[in-house]
Structure formats: structure tokens, C-alpha cells
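Shown next, in C-alpha cells, is the structure this report addresses.
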There are 2 protein chains.
Amino acid sequence: MDGGVKKTGVTSSEVAKRAGVSQSAVSRTFTPGASISPTMRAKVMAAARELGYRPNALARSLITNRSRIIAVVMAYLENLFYPDVLEELGRLLVRENYRLLLFTGSLDRDSDPVFDQLMQYRVDGIILASTSLSSELSEECAAAGIPVVLFNRTTERDAVSSVTAHNLEGGRLVAEFLLAGGHERFGYISGIESSSTNRDRLAGYREALARAGHADIVIGTGNYERAGAEAAAREILSRPDRPDALFVANDHMAVAVMDVARYEFGLSIPDDLSIVGYDDVGPARWSAYDITTMSQPLERMVETTVELLMEQIASGRIVAEHRILRGELMVRSSARLPASGIVEADGRRIYRPPQS
Amino acid sequence: MDGGVKKTGVTSSEVAKRAGVSQSAVSRTFTPGASISPTMRAKVMAAARELGYRPNALARSLITNRSRIIAVVMAYLENLFYPDVLEELGRLLVRENYRLLLFTGSLDRDSDPVFDQLMQYRVDGIILASTSLSSELSEECAAAGIPVVLFNRTTERDAVSSVTAHNLEGGRLVAEFLLAGGHERFGYISGIESSSTNRDRLAGYREALARAGHADIVIGTGNYERAGAEAAAREILSRPDRPDALFVANDHMAVAVMDVARYEFGLSIPDDLSIVGYDDVGPARWSAYDITTMSQPLERMVETTVELLMEQIASGRIVAEHRILRGELMVRSSARLPASGIVEADGRRIYRPPQS
DNA sequence: CTGAAAGCGCTTACAG
DNA sequence: CTGAAAGCGCTTACAG
């Protein structure tokens, strides 16, 4: 096996010979900023073109100690939020002249092999979307000088940065919106319970509801999965004291909850039940769902993630920074409307609570 | 800029010194199949663990002339079919001990920079999903000994393999199903018109309809995009001779078409209009849509893609192979049912035309 | 089984 | 500006 021999590419020495110059000259031609005369460069370029030469990035990395590769670890790709993030990451990283090494799945446990591979390729930075990092692994990254940024999760660990929406505020705003809409029995369908994102959304929601005298809320666990959300919805909607307002921890689950409410329980949304989601992902805008939801500023979040990474790579100093970005409560038709507080802004309707 | 100095990782020489053995011994310890005694291996492993050593994959690649990196070029990530493919690809490639270098976007034109990067990293293989390859680029890959597999597209080019569903048969089957359902005015909403996938689906559909005496069909162009599909649907549904059956080139567009039909035209599906999609992607199974659709055997397609690649990498011989896999017509509620031909198979309903 | 040595394809001081 | 040379961290004949 492995009987095949991959033809080795054209090398700088071959180009040098063809052009009648030194190998160093070839290298300089392809190193931005290196000192080389226009004549020499032209000669080299001509030979390179004839031979179809392309510098070997692996050999270059070996000596520069920079791979220009960023590892991205991402799970939950069936939630369209993440493919959107991935596409935007791809766009920005390529613009910064970095490559994207993708690992699907989570880094939560038993994923030492993934981590191993990622370290073997000497990646210049790591982006972890929808997952966190054990303290051993994060220390190892810090020791190796590799910056890590969590996307849509946060952590207290040293040396691990994060970019999230203001989930606490988001949860609060959802509660205020539902309270203003005159709802009385509140429910919540959670994501992964231990995830920072879920914790913060729930904490904000709880806090604002408690302040208004609603200490009791019905909670189901959806684990950010469609099947989990369906099961949780069935359980909650079967209760005699069925909520009239349901905050679902993300849109991916909210879609499933709406399907169950309408097609299994025959409920009318928002007349019988109001639903609010989180993310403002594609399907939230589809007419069949038209979900009222807290938006996550995806473009800005991705931009910030790449910025943090680039800064730390350039400076060589790894300091945990936590960036929290605000979203808007996008008002659509899946939840009963409050009498006031709805503002139109360039074609979108958003909620701004009167007193704040 | 670039003021930072990334700490260089632990090297095999450092481990060798610590263990009191030669550097070769360290290398052998981490090379599967290399000849090394258990004692030596144990000594090396101990030292390696103490120092946190991990072989540098870049240095290894330089000498083995194998990067163990597969480039994946993928566009249309907002169509859930592709994230699903990506997740499956990630799973299989990791199992084969390959890494996945992701390039988002298409390779159709002006993407020489993407191609350049991919070649600079000396990838061992290339998977192009939802895009094709110019003849110059495909020749260059062949010359460099790099196997290329198109996923969900095909081409006549030498040295480029492909894996697709049997789109021609799929198109035919959709037509037969709709004919058997008693429909009379047929429409089609196309994807990218020049894509092989779209061409074949349409050809099969046309052929079977023509055979039944329906030479005229209304065609709109959706370009595999949601907005395009909406516009095409509006145009087609506004016609006085509005079709009563619409084949939409993929589910991603079919969802959009259903939204327009129901919420803009007030049509009832399937009473006023039957819709059939392609792919059998997640949303096709959501209750709000419940789309009758030709499935693409995603797992088998991905498996085949990886197999083709592994074979060609191992043998070193690049020969264009074209694998065509059959799907099923999944019967749900978005299209009127024929009187016969519907079969139940492990909980799913599929269409098997009576005579075939 | 083990080690010394050559070499993969580059970058980058160092001299000129 | 240019070239000769060292060296990045490995693998792999070659001898023993």
C-alpha cells in the first residue's frame, strides 16, 4: 500500500537553475519585502511561470515557525448559525492570508486525538465554536504560545479569549418583551445546560421575570438539538398549566418547537402560545416560522474573533480578552406584541423597552 | 508587526537528549511500523510525555512528500445539504488520518488565489463540492499527481473523478410520480443552469414528461439560491396558466417556493399546487414543509468520495472515475399522491412506479 | 534493533 | 542587490 509516488513539486532550486540565478534569489522573489532588483525578479518570475513553480508552504512554515493555518473546531453544523459563521470565517481568514483547518465535532471530552492533530500541524491559532476547552488543554496552548478564542461560549480560564453576544441582557430583554406582551406563564427550553451561553440566557430571563414577580418558570432541556427540543416541547405543552410564553435557547430549537406546537398540539402561534428564539438564523426569517428572536451580530462576532486572533499572533502575547457584543430583539410574528416599544429601523422591527 | 515570537515546539532532538537515545530512535517511536524495541520505545515515550512532545507534521510532510491534508472547496453553505456533507467528510477523513483544509466559495472563476494556496500546502487530494474546475487547473492537478473528486457535480475532463446521484433517473422519477398523480401543467425551477446536476435533473424530467405528451413546461431560474427561487416562484405563480405541479431543483429552493406559494399567493399545498424537491435535506422533513423529494444518498456519496480519493492517493495513479448513486423518491405531503406505487419501507414512504 | 548522516525545500543572517 | 551556507524538524537508507 501507499505504492503510489506523488510527484514532488517544482522546487526553488530548479527555478534558480533555469533562471541562471541563486536559489536565494528565487526565495526572495516570493518573499514580500525581501530586497531584490526588478531585473532579477523578472528573470525569476519568467522561469517560475515556465515551470509552474509555487513555493512549498510547508517548507516555509518549518523555518518561519508560522504555519499560517488557523484551526477551527465546530460542532452543531445542522444549526445554520454555524455554517454561516464558517462561511464568514473563511472569508475573513483568507483575506488575512490564513488557511482554515476544520475539525468537526466538539472538544469537550475524549477529543485528545483532535487536539493532538491540531498541535502537530503547528497551527498559529485556534477558534473553538460552540465548545469549550479543558484547563489542561488551554494551558498547553498558552505554553505553546498558541492563542485560543472561543466563539459563542466563554470561560474563566486564563489565556483563553472569547467572543459572545450579550446573552444575559438578551435573556432579560426577551423576558421584558414577553411581560410587556401580557403573558402570564413562562417557560424555557434550554440548550446544553452547562454551556455559558445557555446559562447566561436563562439567568437574564429568570432575573427579569423574578423582578416582575414570576419566580416560577417551567424548564425543559433541548440540548441545542432538534430532537431534544421536540421532546422538551411535547413534555411542556402537555402540562395542564401550559405556558403561554416560551423562550427557546436558540432558533434551531425554536423551529422544532413551533412544528410540535402547531402540528402535534394544534396550537396557533402566537394566539395560543408565544415563542421567542435566539440567533436570528435563516429559518427564523422564513415565512413559515417568522420567529421573534434575539439576534446575534454574526458578522461583528466573526470579525472580532479574527481580530483578537490576529492581534495575539502578531504581538506574541496571549492575554485572555472577552468581547461581548449586543444584538437586537427582532420582532416578527411568533410572539404576541406589546402595546409599545416596537421601533422600525431600516425595514426591520425591533423591540426597545420604553424605560431603558 | 509580527513582533511576537511563537515559542517553537519541543523537538525530537530534545526528547532524544532527555531519553539518552538518538534522534532517529525518537522518530522511529512515532513512526508506525518502524523497527524499534519495546524498551527503547518506552524510554522515548517517557521522555516525550515529560516534555510534551508532538511530532511536527509539517517537517514530516516535507520529507515524506505527503501532507495528509485534503482540500475541500465548498460553496452554498446556507443550503443545509452542504454542512451535512461537511460534517460527514470531517468524520471520515479524520478516521483515515487526514486533515481537512476548508476553502469556502466556489472555484468557478477568478479563484486562482484559492487554487494557489491549496497547491502551496501540497494537499494530497482535492474535493470540490458544488463547483467544477477549469481545464487548466484540472490538468495542473493531474500533472502534480493530485487526485480531484467532484462532489455533486460531474465533468468530462480527464483526470477528474466525480460522485453524483443519478440525477437523470431522479428527474424522470419525479415526472412519473407527478404524472401518476394526475397533474397537467408542469413547471421547473432550476438551479445554476450550467451545472451538470441541474442539467441532468431537468433532462430526466423533460424526457419523461415529453414521453407522456407534455412537451411544454414552464421554467424559472432559481440558481440554487433562496432569493432566486422566490423570484422565480413569483413569476411562475403569477401566470394565468399557473402549473399545478412544480419540480424544484433542490429542497433549499423548494422551501422558499412553498413559502411564496402559501404566504404570498395563498395557495394550499398540495391542493392547489404540488411541489417536489431534491436532496431530502433536514427542512424537507420539518412538519411545516414535509416535502416530497428525491433523496441523495449523502452518507454513501461521501463514503464513495473518500474511497476514490484514498485509492488514488495510495496507488498514485489518477484515473477519472464517475460514481453514480441511486436515491429514492421520498413521499411526503407536498405533492398530490398517485393512486398506486407508494411503498412503506422502515417507516418511510417511497415511490416505486408500478411497471419498473 | 540502533545511530550517524544525508537531505526534504525553504528562509535568513552574513559577506561581499 | 546577490550568493553561499547554515539550519528549520523531521524520515530513511546505510552500516553496524
Side-chain angles (χ1 to χ4, degrees), chain A residues 2 5-45 47-48 51-68 119-124 144-145, chain B residues 2 5-45 47-48 51-68 119-124 144-145:
Chain A
D2 251 44
V5 191
K6 190 160 108 190
K7 284 166 215 101
T8 156
V10 179
T11 70
S12 57
S13 302
E14 290 166 350
V15 176
K17 189 192 271 181
R18 172 81 151 228
V21 304
S22 73
Q23 183 267 329
S24 316
V26 178
S27 175
R28 290 198 182 98
T29 300
F30 288 91
T31 304
S35 89
I36 187 145
S37 70
T39 336
M40 170 86 13
R41 161 183 296 269
K43 258 197 290 191
V44 170
M45 285 308 261
L51 299 176
Y53 172 71
R54 254 182 280 263
N56 182 326
L58 269 26
R60 170 181 283 167
S61 298
L62 193 56
I63 200 157
T64 58
N65 204 24
R66 292 238 175 283
S67 62
R68 301 205 76 88
M119 295 299 275
Q120 287 186 215
Y121 279 83
R122 301 299 192 259
V123 299
D124 290 342
Chain B
D2 252 44
V5 191
K6 188 159 107 189
K7 285 165 212 106
T8 158
V10 180
T11 70
S12 57
S13 303
E14 290 166 352
V15 176
K17 189 192 269 180
R18 173 80 152 229
V21 303
S22 74
Q23 183 267 328
S24 315
V26 178
S27 175
R28 290 198 182 95
T29 301
F30 289 91
T31 304
S35 89
I36 187 147
S37 70
T39 337
M40 170 86 13
R41 164 183 293 271
K43 256 197 293 192
V44 170
M45 285 309 260
L51 298 176
Y53 172 71
R54 254 182 279 264
N56 182 327
L58 270 24
R60 171 179 283 167
S61 299
L62 193 56
I63 201 157
T64 58
N65 205 24
R66 291 238 175 282
S67 61
R68 301 206 76 88
M119 295 298 277
Q120 289 187 213
Y121 279 84
R122 300 299 190 260
V123 298
D124 290 342

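Treat the numbers as computed from the prediction; the structure is a model and nothing was measured. Each chain gets a letter, A, B and so on, in the order its sequence line appears, and its residues count up from 1.
When heavy atoms are screened at a 4.0 angstrom cut-off, A/F30 is found touching no nucleic acid atom at all. Nucleic acid contact for B/V10: sugar-phosphate only, since backbone atoms but no base atoms lie under 4.0 Å from a heavy atom of the residue. When heavy atoms are screened at a 4.0 angstrom cut-off, A/S37 is found touching the sugar-phosphate backbone but no base atom.
Pair assignment for C/dA4 gives none, since no Watson-Crick or G-U wobble pairing has each distance under 3.5 Å.
If you take CG of A/L58 and P of C/dT11, they are 12 Å apart, rounded to a whole angstrom. The separation between A/I36 atom CD1 and C/dT11 atom P is 12 Å, rounded to whole Å. Atom-to-atom, NZ of B/K17 to P of D/dC10 comes out at 15 Å; the value is rounded to the nearest Å. Atom CG of A/L51 and atom P of C/dG9 are 14 Å apart (whole Å). When rounded to the nearest whole Å, the span between CD of A/Q23 and P of D/dG7 equals 16 Å. Protein atom CG of A/L62 is 14 Å distant from nucleotide atom P of C/dC8, rounded to whole Å. Atom CG of A/N56 and atom P of D/dC10 are 16 Å apart (whole Å). Rounded to whole Å, atom P of C/dG9 lies 21 Å from atom CG of A/N65.
B/S35 has a side-chain polar atom (N or O) that falls below the 4.0 Å cut-off from OP1 or OP2 of C/dC1. At the phosphate of D/dG9, neither OP1 nor OP2 sits under 4.0 Å from any side-chain N or O atom of A/Y121. Contact annotation: A/S22 reaches the phosphate of D/dG3 (side-chain N/O to OP1 or OP2, under 4.0 Å). Listed pair A/S12 / C/dC10 meets the phosphate criterion, a side-chain N or O lying under 4.0 Å from OP1 or OP2.
Residue side chain A/R28 reaches the base of D/dG3 through a donor-acceptor N/O pair under 3.5 Å, judged by distance alone.
Minimum heavy-atom separation, A/S35 to A/R28: O-CD, 3.4 Å. The two residues B/Y53 and B/V26 make their nearest non-hydrogen contact at CE2-CG1, 4.1 Å. Closest heavy-atom contact between A/A47 and A/R18: CB-CG, 3.6 Å.
If you check C/dC10, C/dT11, D/dT12 against the side chain of A/S27, the one that comes closest is C/dT11. Closest to the side chain of B/R60, from the set D/dG3, D/dT11, C/dC8, is D/dT11. Nearest nucleotide to the side chain of A/A59, out of C/dG9, D/dA4, D/dC1: C/dG9. Minimum atom distance to the side chain of B/A25 is reached by C/dG3, of the listed C/dT12, D/dC10, C/dG3. Here the side chain of B/M40 is nearest to one of C/dG7, C/dT2, C/dT11, namely C/dT2. Nearest to the side-chain atoms of A/T11 among the listed nucleotides D/dC10, D/dC1, C/dG9 stands C/dG9.
When atom types are taken as modelled, the side chain of B/S67 and the backbone of B/R122 share a donor-acceptor pair closer than 3.5 angstrom. In this structure, B/S37 contributes its side chain and B/M40 its backbone to a donor-acceptor pair below 3.5 Å.
Nearest-nucleotide positions on DNA chain C for B/I63 and A/S24 put B/I63 closer to the 5' end.
Residues A/S12 and A/Q23 have side chains that bring a donor and an acceptor to within less than 3.5 angstrom of each other.
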